[in-house]
Amino acid sequence: MTTPGGTTPAPPYASPVDYAVYGQYGPGRGFDRGQEWRRPRYRFQGRITADGSSGFPAEAGRYHLYISWGCPWAQRTAIVRKLMHLDDVVSLSYVDDERDGRGWAFRERRGADPVNGFTFLAQAYEATEPGYDGHVSVPVLWDRATGQIVSNNFPDITIDLGTAFGAWADGPADLYPEPLRPEIDALNSRVYQTVNDGPYRVAGAATQADYERLRQAMLATLAELDQRLAGRRLLFGSAITEADVRLWPTLARFDTGYNPMAGVSERPLTGFGNLWAYARDLYQRPAFRDTTDFTAFGGLVRGPKPTFLNDASWRIKVEPRLADWDEPPGRQRLG
C-alpha cells in the first residue's frame with residue numbers, strides 16, 4: 001500500500017517498553033503480587049475441526065497464529081505447524097520479546113502485525129470480547145473470516161493443528177495417534193503438573209515447605225522421564241508425538257530461564273544424561289531448531305523479576321547457562 005505521494009507508510013509499531021510508566025505485566029491480569037502461582041483461565045476455547053462441526057472449519061489461509069519466541073506454550077504451536085508442513089496453510093507472526101503492563105506488543109525487532117495492523121495484542125482480545133480484562137496471552141489463534149480469536153487455550157491449539165488439517169498436511173506425521181491417545185493424555189497431564197507448569201509453581205511458592213515439595217516433584221518427574229528415555233528414542237518410541245512437543249520447550253528453557261528464575265535445582269538439564277541427549281536429538285530436527293531462539297529465553301531472569309516470584313532467602317541460587325545443543329545426541333541406536 002502506498003500513500004498518494006507514492007511512499008509506503010511505516011508499519012504500525014507500539015511505543016517502546018516503559019516499566020516506569022506502565023509497570024510490569026501481571027497485576028490486574030491474574031498475576032498479582034503476594035499470591036502464590038495460579039495459572040489464569042484461558043477464556044477463548046474454540047476448536048477447529050476438519051468437518052467444521054465446531055463452527056471453525058479447517059481451511060487454508062483462514063487462520064493466523066500470534067506467538068512469542070520466548071513463550072514455551074506458544075512455541076509448541078510453531079513446532080506442530082512445521083511438523084505438519086502447514087507453513088502455507090496457517091500463517092504466523094511474532095510479538096516483541098518484552099512486555100510492560102500493556103502486555104504483548106508488536107515492535108520492529110520481531111515485526112508488525114501482518115493481519116490486523118494491531119500494535120498491541122490486547123487489541124485482538126478487545127475485538128473478540130469488548131471490555132476484556134483477563135490475561136493477554138500467547139499463543140492466539142485468530143480467525144480472519146470472523147475477525148475474532150478462536151482460541152488462546154494452548155493445549156487445544158496444538159491438538160487441532162495436528163489433527164484437523166490432514167487435507168493439507170504434507171507428510172506422514174501423526175502426532176496424536178488414536179491408539180495411543182489415552183497414554184499420551186496421561187503422560188501429558190503429569191508432565192504439565194510437575195514439569196511444564198513446575199517452574200512457575202516453584203517460583204511462586206510462598207513457604208519453604210511448599211518450595212521443597214514442588215521442586216522435588218519436578219525433579220522426580222525429570223528423573224522418571226530420564227529413565228523412560230534410556231530404552232527408547234522418544235517418549236512413545238521412534239515417532240514424534242504431542243507428548244514430545246509439549247515437553248521439549250520446557251527442557252530448552254530449563255538452564256537459561258526456568259532454573260535460574262525458580263531455583264529448582266543445582267542439577268542442570270545436562271545432568272540428566274538421557275533427557276539431555278533426547279532434547280538435543282529433537283533440536284537436530286528443523287521443526288524444533290527453526291522455531292528456537294535461545295536469546296529469547298532469558299527474559300525471566302534478565303528483566304524485572306516476575307510479579308509471582310517469591311524471592312525468599314531459602315531459594316537456591318542458580319546462574320543461567322547455555323550448553324552445547326549441537327553436540328551429537330548419539331541416540332540413533334534406539335531407533
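The residues of the chain are indexed from 1 along the displayed sequence. The basis for the numbers below is simple: all heavy atoms, side chains too, and nothing from hydrogens, waters or symmetry mates. Every value quoted in this text rests on a predicted model; they were computed, and no experiment measured them.
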**Asked** Measuring from Leu251:CG to Leu269:CG, what's the distance to the nearest 0.5 Å?
**Response** 5.5 Å
**Item:** Criterion side-chain contact (heavy atoms from CB on, under 4.5 Å) on Ser91 and Arg144, from CA distance to verdict
**Value:** CA-CA 11 Å; Ser91 56; Arg144 287 182 170 90; 2.9 Å; yes
**Prompt:** Out of Asp244, Leu229, Thr241, which residue meets the side-chain contact (heavy atoms from CB on, under 4.5 Å) rule with Leu234?
**Reply:** Asp244
**Request:** Look at the side chain of Thr194 and the backbone N and O of Gly198, then say whether any donor-acceptor pair between them is shorter than 3.5 Å.
**Result:** no
**Item:** Aromatic ring proximity Phe44/Tyr132, centre distance under 6.0 Å
**Value:** yes
**Message:** If we ignore hydrogens and angles and just use 3.5 Å, is the side chain of Gln123 paired with the main-chain N or O of Thr119 as donor and acceptor?
**Reply:** yes
**Message:** Tell me if a side-chain donor or acceptor on Arg181 pairs with a main-chain N or O of Tyr176 at a distance below 3.5 Å.
**Reply:** yes
**Request:** Please test Arg321 against Thr270 for side chain to side chain donor-acceptor pair (under 3.5 Å), starting from the C-alpha separation and ending with a verdict.
**Result:** CA-CA 10 Å; Arg321 66 192 303 274; Thr270 54; 3.1 Å; yes
**Request:** Using side-chain contact (heavy atoms from CB on, under 4.5 Å) as the criterion, point out the one residue from Leu247, Asn188, Ile240, Val245 that pairs with Leu235.
**Result:** Leu247
**Item:** Cation-pi check, Arg253 onto Tyr258 ring (under 6.0 Å, within 45° of axis)
**Value:** no
**Message:** Check for me, please, whether Tyr22 and Leu121 land in the same ILVMFWY cluster - side-chain distances under 4.5 Å, paths through other members count.
**Reply:** no
**Request:** Considering non-hydrogen atoms only, spot the tightest contact between Ser68 and Val95 and give its length.
**Result:** CB-CG2, 3.7 Å
**Asked** Rounded to the nearest 0.5 Å, what separation is found between the OG atom of Ser137 and the CH2 atom of Trp73?
**Response** 11.0 Å
**Side-chain (Asp160) to main-chain (Ile48) donor-acceptor, under 3.5 angstrom** = yes
**Message:** Do Arg81 and Leu65 make a side-chain contact, defined as non-hydrogen atoms from C-beta onward lying under 4.5 Å apart?
**Reply:** yes
**NZ or CZ of Arg228 within 45° of Phe236 ring axis and under 6.0 Å** = yes
**Asked** What about Val115 and Tyr13, same hydrophobic cluster or not, with Ile/Leu/Val/Met/Phe/Trp/Tyr joined at side-chain heavy-atom distances under 4.5 Å?
**Response** no
**Request:** Any chance you could lay out the salt bridge (charged side-chain N to carboxylate O under 4.0 Å, His left out) test for Arg267 and Asp255, step after step, and finish with the verdict?
**Result:** CA-CA 9 Å; Arg267 183 181 181 184; Asp255 286 348; over 6 Å; no
**Request:** Determine whether Ser151 and Arg47 make a side-chain contact, defined as any pair of heavy atoms from C-beta on separated by less than 4.5 Å.
**Result:** no
**Message:** Can you tell me how far apart CD (Glu126) and CD1 (Ile149) are? Round to the nearest 0.5 Å.
**Reply:** 10.5 Å
**Message:** I'd like to know if the side chain of Asn116 reaches the main chain of Phe118, judged simply by a donor and an acceptor atom lying under 3.5 Å from each other, with no hydrogens or angles considered.
**Reply:** no
**Prompt:** Would you say Val17 and Arg107 make side-chain contact, with heavy atoms under 4.5 Å?
**Reply:** yes
**Item:** Shortest non-hydrogen separation from Asn310 to Ala205 and the atoms involved
**Value:** ND2-O, 2.9 Å
**Message:** Any heavy-atom pair between the side chains of Ser265 and Met218 that's under 4.5 Å?
**Reply:** no
**Prompt:** Within the distance-only criterion (no hydrogens, no angle test), does the side chain of Arg315 pair as donor or acceptor with the backbone N or O of Val202 below 3.5 angstrom?
**Reply:** yes
**Asked** How long is the gap from CD on Gln284 to CD on Glu327, to the nearest 0.5 Å?
**Response** 10.0 Å
**Pair Tyr63 and Trp142, ring centroids less than 6.0 Å apart** = no
**Item:** Residue pair Tyr211 / Arg201, side-chain heavy-atom distance below 4.5 Å
**Value:** no
**From Tyr283, Tyr278, Trp248, residue fulfilling ring pair (Phe, Tyr, Trp, His ring centres under 6.0 Å) relative to Phe288** = Trp248
**Message:** Quick one, Asp96 with Arg109, criterion salt bridge (charged side-chain N to carboxylate O under 4.0 Å, His left out). Give me CA distance, side-chain angles, the key distance, then yes/no.
**Reply:** CA-CA 7 Å; Asp96 189 36; Arg109 172 168 41 182; 2.9 Å; yes
**Request:** Group every Ile, Leu, Val, Met, Phe, Trp and Tyr by side-chain heavy-atom contacts under 4.5 Å, then state whether Phe120 and Val140 land in the same group.
**Result:** no
**Item:** Proximity of Phe106 and Tyr66 rings by center, below 6.0 Å
**Value:** yes
**Student check: side-chain heavy atoms of Glu266 and Asn259 closer than 4.5 Å** = no
**Prompt:** Is there a side-chain contact between Leu187 and Leu225, using heavy atoms and a 4.5 Å cut-off?
**Reply:** yes
**Criterion side-chain contact (heavy atoms from CB on, under 4.5 Å) on Val138 and Tyr94, from CA distance to verdict** = CA-CA 10 Å; Val138 288; Tyr94 290 90; over 6 Å; no
**Message:** When you measure from the side chain of Asp97 to the backbone of Gly70, do you find a donor-acceptor pair of N or O atoms at a distance under 3.5 Å?
**Reply:** no
**Asked** Okay, side chain of Asp156, backbone of Gln45: is any donor-acceptor separation there less than 3.5 Å?
**Response** no
**Intermediate values then yes/no, side-chain contact (heavy atoms from CB on, under 4.5 Å), Lys305 and Asp311** = CA-CA 9 Å; Lys305 293 178 180 178; Asp311 197 19; 2.3 Å; yes
**Prompt:** Under 4.5 Å between any side-chain heavy atoms of Asp290 and Lys82, yes or no?
**Reply:** yes
**Prompt:** Does atom CD of Glu319 have more than 12 heavy-atom neighbours, drawn from other residues, nucleotides or ligands, at distances under 6.0 Å?
**Reply:** no
**Message:** Return the CG to CG distance between Leu141 and Asp143, rounded to the nearest 0.5 Å.
**Reply:** 8.0 Å
**Heavy atoms from other residues, nucleotides or ligands near CD of Glu129 exceed 12 (cutoff 6.0 Å)** = yes
**Aromatic Tyr25 / basic Arg99 pairing, under 6.0 angstrom, 45° off normal** = yes
**Considering all heavy atoms, the nearest Ser15-Arg102 contact** = OG-NH1, 2.7 Å
**Complete:** Taken to the nearest 0.5 Å, the spacing of Trp69 CH2 from Gln75 CD works out to 8.0 Å
**Message:** Quick test of your reading of the model: are Arg215 and Asp210 salt-bridged, counting only N-O distances below 4.0 Å?
**Reply:** no
**Request:** Heavy atoms only: give me the nearest Glu242-Thr158 pair and the separation to one decimal.
**Result:** OE2-OG1, 2.5 Å
**Trace of the side-chain contact (heavy atoms from CB on, under 4.5 Å) decision for Val90 with Glu59** = CA-CA 9 Å; Val90 178; Glu59 295 177 6; over 6 Å; no
**Item:** Distance-minimising heavy-atom pair for Phe294 and Ala252
**Value:** CE2-O, 3.8 Å
**Message:** Less than 4.0 angstrom from a charged side-chain N to a carboxylate O is my criterion; do Arg43 and Asp133 meet it?
**Reply:** yes
**Request:** Answer yes or no: is there a donor N or O on one side and an acceptor on the other, between the side chain of Arg76 and the main chain of Pro155, under 3.5 Å?
**Result:** no
**Asked** So, is the end of the Arg280 side chain (NZ or CZ) under 6.0 Å from the ring centre of Trp325 and within 45° of the ring's axis?
**Response** no
**Asked** Which pair of non-hydrogen atoms, one from Ile79 and one from Pro249, has the smallest distance, and what is that distance?
**Response** CD1-CG, 4.2 Å
**Message:** Looking at Asp51, I want to see if its CG is surrounded by more than 12 non-hydrogen atoms of other residues, nucleotides or ligands under 6.0 Å.
**Reply:** yes
**Request:** Give a yes or no on whether the backbone of Ser238 and the side-chain of Arg233 come within a donor-acceptor separation of less than 3.5 Å.
**Result:** no
